[in-house]
K.L.:
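Following this message is one structure expressed as structure tokens.
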Amino acid sequence: MEHAEVLIVGGGNAGISLAAKLLRDGVAGVTLVAPQPVHRYKPLLNYVGGGEATMADLERPMADVVPESCTWIRDAVDAVDPAVSTVRTRLGRTLRYTTLVLCPGLEEDWAATPGLQEAYADGWAAATYVPGSAPRVWPALSAVRSGTVVFTVPPEPASCGPTALKPLFLACDHWRRTGVLDGIDVRLVLPERTSVGIPSADEVLERAFAEYGVQVLRESRVERVDADLHSLTVSTPAGPQVLEDVVFAHAVPSYRAPAWIADSGLADPATGLVDTDPETLRSRRHESIWAIGDAAGVTPRPSGGALRKQVAVLSANITADRDGEPLQRYDGYTVVPITVGRRTLTLTEVDRAGRPTPSVPLVDPVKPRRATWWFDRYGLPQVYWRRILRGRV
């Protein structure tokens with residue numbers, strides 16, 4: 001039976017950057033289980049959907065980003081047995097671990113929205129959150145000259161859900177510049193009352209909605225889709241509302257944690273996410289299991305910026321736990337970057353209590369700026385490939 005001192009499940013930002021950080025911190029015997037052959041810098045997917053990036057900008061072969069000295073098992077997890085500290089893979093391997101870190105991300109829950117997958121197949125719906133459909137978003141949006149276009153923000157759990165507003169604002173700015181915005185009925189289906197839940201950021205976004213003439217359906221979600229009729233039935237506080245004759249829908253599916261998390265007895269029954277102490281990042285049920293990223297029950301909402309903090313805390317805690325030292329605490333820092341135009345972006349940085357925690361002192365990141373757009377689009381991807389994935393942040 002194969003044994004790993006530290007077994008990491010998931011090859012996204014969380015898994016790769018944690019593996020690299022652990023190795024830099026002197027932890028030996030790090031093994032990564034991840035099935036995908038391609039690694040993606042997912043924040044750029046929204047720019048693909050806005051015509052400001054290509055898939056080539058955000059993809060690298062997985063073999064190129066797995067850290068040296070890390071063992072990569074190209075397989076998927078099927079089950080975890082915490083009682084005997086083992087993981088069973090889809091290809092039938094049994095892996096024993098001393099420390100297990102779960103960061104498998106979320107998966108699309110197509111069944112939660114009947115008809116949505118058929119609309120994707122029919123070509124009039126797509127979303128930047130679904131990599132296979134992301135290249136279809138901008139050609140469809142940029143071709144619209146009139147009619148109804150629907151955008152959705154996914155309900156929780158989701159990976160930084162409010163950033164699904166990026167394609168909306170990028171498209172609206174484009175339509176305004178080309179003189180067709182007035183002929184387009186732009187609808188937004190928002191699962192909460194406001195977009196971010198932070199008053200200063202929501203004020204900026206509300207002004208942008210008004211400026212572009214976006215009609216917002218609040219505390220709402222898409223219940224079902226009729227792929228033939230190009231219609232979406234939306235549940236709202238006032239009752240169901242049908243959006244008919246939709247030209248295009250940037251409809252993000254619902255998400256859920258992989259089923260094996262609950263099947264292995266590791267989930268919070270209320271959310272399906274790994275039942276995790278949000279400060280130490282350790283499983284509430286098993287001392288040898290930890291979790292970070294989208295599938296971890298860690299507040300507030302996940303983001304790439306949150307992961308940078310989580311990775312630093314978790315790497316330190318794995319070492320501290322081994323040495324019998326006190327654990328560090330994750331303060332819940334997260335960041336939500338949202339473009340409000342083709343060259344401007346608002347940035348929300350807060351801790352778990354909603355207190356502002358700006359990375360650059362004396363600068364209000366919520367104010368839309370060209371500089372923050374440039375860094376989000378061009379600067380941060382370079383930091384990601386050159387430093388974050390190499391455990392240097």
Side-chain angles (χ1 to χ4, degrees), residues 10-17 34 36-62 65 103-110 116-117 120 123 125-142 149-154 157-174 188 195 248-255 293-295 301-308 334-342 345-347 372-385 388-389:
N13 179 348
I16 297 293
S17 55
Q36 63 269 34
V38 174
H39 182 92
R40 296 184 177 95
Y41 176 59
K42 291 185 176 180
L44 276 188
L45 285 167
N46 282 316
Y47 285 107
V48 171
E52 294 188 345
T54 68
M55 295 299 288
D57 294 326
L58 62 92
E59 294 183 335
R60 301 286 188 278
M62 181 67 79
V65 301
C103 42
L106 301 172
E107 57 187 31
E108 291 93 1
D109 185 3
W110 295 105
L116 180 58
Q117 200 164 21
Y120 270 59
T128 53
Y129 273 56
V130 182
S133 78
R136 294 195 281 112
V137 171
W138 182 242
L141 290 175
S142 60
V149 180
V150 178
F151 295 83
T152 74
V153 170
S159 181
C160 205
T163 60
L165 294 172
K166 280 182 172 180
L168 181 154
F169 288 126
L170 291 170
C172 284
D173 193 353
H174 168 78
L188 170 63
S195 301
F248 183 76
H250 183 267
V252 183
S254 295
Y255 284 84
D294 298 347
R301 59 171 50 94
S303 69
L307 274 178
R308 293 195 293 275
T334 194
V335 56
V336 183
I338 301 175
T339 53
V340 291
R342 297 196 68 77
L345 180 140
T346 177
L347 194 66
T372 49
W373 164 82
W374 185 92
F375 183 71
D376 189 61
R377 169 57 188 89
Y378 293 104
L380 194 53
Q382 294 305 312
V383 174
Y384 181 79
W385 297 116
I388 293 173
L389 290 189

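Residue indices begin at 1 and follow the sequence shown.
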K.L.:
Going by the angle between their ring planes, with limits at 30° and 60°, are Phe151 and His250 parallel, tilted or perpendicular?
P.N.:
tilted
K.L.:
Mark yes or no for whether Thr152, through its side chain, and Val252, through its backbone, hold a donor-acceptor pair below 3.5 Å.
P.N.:
yes
K.L.:
Heavy atoms only: give me the nearest Gly305-Val335 pair and the separation to one decimal.
P.N.:
CA-CG1, 3.5 Å
K.L.:
Do Lys166 and Pro337 come close enough that some side-chain heavy atom pair is under 4.5 Å?
P.N.:
yes
K.L.:
Out of curiosity, Thr339 OG1 to Asn46 CG, how far, rounded to the nearest 0.5 Å?
P.N.:
7.5 Å
K.L.:
Decide yes or no on side chain to side chain contact (heavy atoms under 4.5 Å, CB included) for Leu165 and Leu188, but give the supporting numbers first.
P.N.:
CA-CA 9 Å; Leu165 294 172; Leu188 170 63; 3.7 Å; yes
K.L.:
Report the distance from atom CG of Leu307 to atom CD1 of Ile16, rounding to the nearest 0.5 Å.
P.N.:
12.5 Å
K.L.:
Counting C-beta onward and ignoring hydrogens, is there a side-chain heavy-atom pair between Pro43 and Thr163 closer than 4.5 Å?
P.N.:
no
K.L.:
Taking Ser303 for the side chain and Val336 for the main chain, is one N or O donor matched with an acceptor at less than 3.5 Å?
P.N.:
no
K.L.:
Looking at side-chain heavy atoms only, is the closest gap between Glu108 and Tyr255 below 4.5 Å?
P.N.:
yes
K.L.:
Can we say Asp294 and Lys42 salt-bridge, meaning some charged N sits less than 4.0 Å from an Asp/Glu carboxylate O?
P.N.:
no
K.L.:
If you take all heavy atoms of Met55 and Ala134, which pair is closest and at what distance?
P.N.:
SD-CB, 4.4 Å
K.L.:
Rounded to the nearest 0.5 Å, how far does CH2 of Trp374 lie from CG of Leu345?
P.N.:
13.5 Å
K.L.:
Could you measure the distance from the CH2 atom of Trp138 to the OG1 atom of Thr128? Nearest 0.5 Å is fine.
P.N.:
12.5 Å
K.L.:
Any idea which heavy atoms bring Pro253 and Tyr120 closest together, and the distance?
P.N.:
CD-OH, 3.6 Å
K.L.:
Give the intermediate values and the outcome of side chain to side chain contact (heavy atoms under 4.5 Å, CB included) for residues Val137 and Val48.
P.N.:
CA-CA 8 Å; Val137 171; Val48 171; over 6 Å; no
K.L.:
Backbone N or O of Ser159 within a donor-acceptor pair of the Tyr129 side chain at under 3.5 Å?
P.N.:
yes
K.L.:
Could you measure the distance from the CG atom of Asp376 to the CD atom of Glu52? Nearest 0.5 Å is fine.
P.N.:
10.0 Å
K.L.:
Identify the heavy atoms of Ala171 and Leu141 that sit nearest to each other, and give their distance.
P.N.:
CB-CD1, 4.0 Å
K.L.:
Could you check whether the rings of Tyr41 and Tyr384 sit parallel, tilted or perpendicular, using 30° and 60° as the cut-offs?
P.N.:
tilted
K.L.:
Evaluate the criterion side chain to side chain contact (heavy atoms under 4.5 Å, CB included) for residue pair Val130 and Arg136; output intermediate values, then yes/no.
P.N.:
CA-CA 11 Å; Val130 182; Arg136 294 195 281 112; over 6 Å; no
K.L.:
Where is the tightest heavy-atom contact between Pro162 and Ser195, given as atom of each residue plus distance?
P.N.:
CG-O, 3.5 Å
K.L.:
Looking only at heavy atoms, which two atoms of Ala127 and Ser133 are closest? And how far apart?
P.N.:
O-OG, 2.8 Å
K.L.:
Can you name the residues that form a ring-ring contact (aromatic ring centres under 6.0 Å, His included) with Phe375, not counting sequence neighbours?
P.N.:
none
K.L.:
If we only count heavy atoms from C-beta on, is the Asp57 to Pro381 side-chain gap below 4.5 Å?
P.N.:
no
K.L.:
Would you give the length of the straight line joining atom NE2 of His39 to atom CG of Leu58, rounded to the nearest 0.5 angstrom?
P.N.:
9.5 Å
